[in-house]
Structure formats: C-alpha cells, structure tokens
Amino acid sequence: MRLPNKHPQEVKLVVLPFGGEIEPGVTILSYQVLAITVTQGTDATPDNVRDGDGLIDNLALKVYQRVKAGVNGCDYLFDTLATDSSGLKHAIQFTLPVRSLIAPT
C-alpha cells in the first residue's frame with residue numbers, strides 16, 4: 001500500500017491492519033520491520049525513518065508503527081512481518097513517500 005506524502009519534519013503513525021488475515025481467536029504475538037529500502041531518491045540511512053518499535057493492538061488486530069524524518073524526494077518501502085499465536089506469519093509492505101508540502105510559487 002502507498003501512504004500519503006509525509007513532510008520531512010512530521011512524525012506520523014502508520015496503522016497496519018492484520019485483522020483480515022488472522023483467524024478469530026488468534027492474536028498477534030510479534031511484529032518486526034524486516035527491511036526499509038529506498039525505492040526513489042537517495043538516503044544513506046533509511047532505517048532512521050522508523051521511530052521505534054511497532055505497538056501491537058490485539059483487540060483490533062492492528063500494529064501501529066511511528067515514522068519520522070526522511071529525505072525529501074525519497075520513497076521508503078517497509079517490509080513488515082507479524083507472527084500470530086497459531087504460528088502463521090503475515091507480511092505487509094507499505095511505501096512511505098517523503099515530500100516537502102510547500103508548493104513553489
């Protein structure tokens with residue numbers, strides 16, 4: 001999924017919905033960001049876009065991942081993985097575009 005543009009100065013919360021993939025009565029045991037890759041632009045330290053570990057919400061079967069900073073003009077592809085209590089693994093990828101929101105005059 002592609003997220004809306006994020007300004008380099010913003011800190012945002014990304015909501016990852018795993019509920020459609022997880023069976024009733026099953027919970028999320030763990031979540032991890034496997035990799036963050038720059039797919040457009042140049043950033044020598046793409047991992048700095050992640051702001052801490054994701055927070056698991058087992059009532060909604062979602063994970064909340066904070067993101068920050070980033071280099072203007074870069075797109076960041078996050079590869080994430082959640083493991084549920086039945087042992088199944090669920091991957092979600094999302095692209096975070098970082099753009100200055102100031103329009104040229």
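Everything numeric in this text was worked out from a predicted model, so none of it was measured.
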Straight-line distance of K62 NZ to D57 CG, nearest 0.5 Å: 7.5 Å
Any side-chain heavy-atom pair of E23 and L88 under 4.5 Å: yes
side-chain contact (heavy atoms from CB on, under 4.5 Å) assessment of F78 paired with V49: CA-CA 10 Å; F78 282 65; V49 174; 4.0 Å; yes
Passing candidate, side chain to side chain contact (heavy atoms under 4.5 Å, CB included) with Y76, options D43, T37, T39, T95: D43
hydrophobic_cluster_shared for V63 and V26, side chain cutoff 4.5 Å: yes
Within-4.5 Å side-chain heavy-atom neighbours: V14 and F94: yes
Any side-chain heavy-atom pair of L29 and D84 under 4.5 Å: no
Transitive ILVMFWY side-chain link V38 to I36, under 4.5 Å: yes
hydrophobic_cluster_shared for V15 and L55, side chain cutoff 4.5 Å: yes
K6 to E10 - nearest heavy-atom pair and separation: NZ-O, 2.9 Å
Qualifying residues under side-chain contact (heavy atoms from CB on, under 4.5 Å), relative to L61, sequence neighbours excluded: I22, I28, N58
D79: side chain to side chain donor-acceptor pair (under 3.5 Å) partners, not counting sequence neighbours: Q93
Gap between atom CG of L96 and atom CD of Q65 - 0.5 Å precision: 10.5 Å
Nearest heavy atoms of K89 and L81, plus distance in Å: CB-CD1, 3.9 Å
Nearest atoms (heavy-atom pairs only) where N5 meets P97: OD1-CG, 3.3 Å
Any donor-acceptor N/O pair, E21 side chain to F18 backbone, under 3.5 Å: no
Any donor-acceptor pair under 3.5 Å from T80 side chain to V33 backbone: no
Any side-chain heavy-atom pair of M1 and L16 under 4.5 Å: yes
Run the side-chain donor-acceptor check on residues 66-75: report pairs under 3.5 Å with partners two or more places apart or on a different chain.
unit_1 : atom_1 : unit_2 : atom_2 : d
R66    : NE     : D51    : OD2    : 3.1
R66    : NH2    : D51    : OD2    : 3.1
N72    : OD1    : S100   : N      : 2.6
D75    : OD1    : R99    : NH1    : 3.0
D75    : OD1    : R99    : NH2    : 2.7
D75    : OD2    : R2     : NH1    : 3.3
D75    : OD2    : R2     : NH2    : 3.4

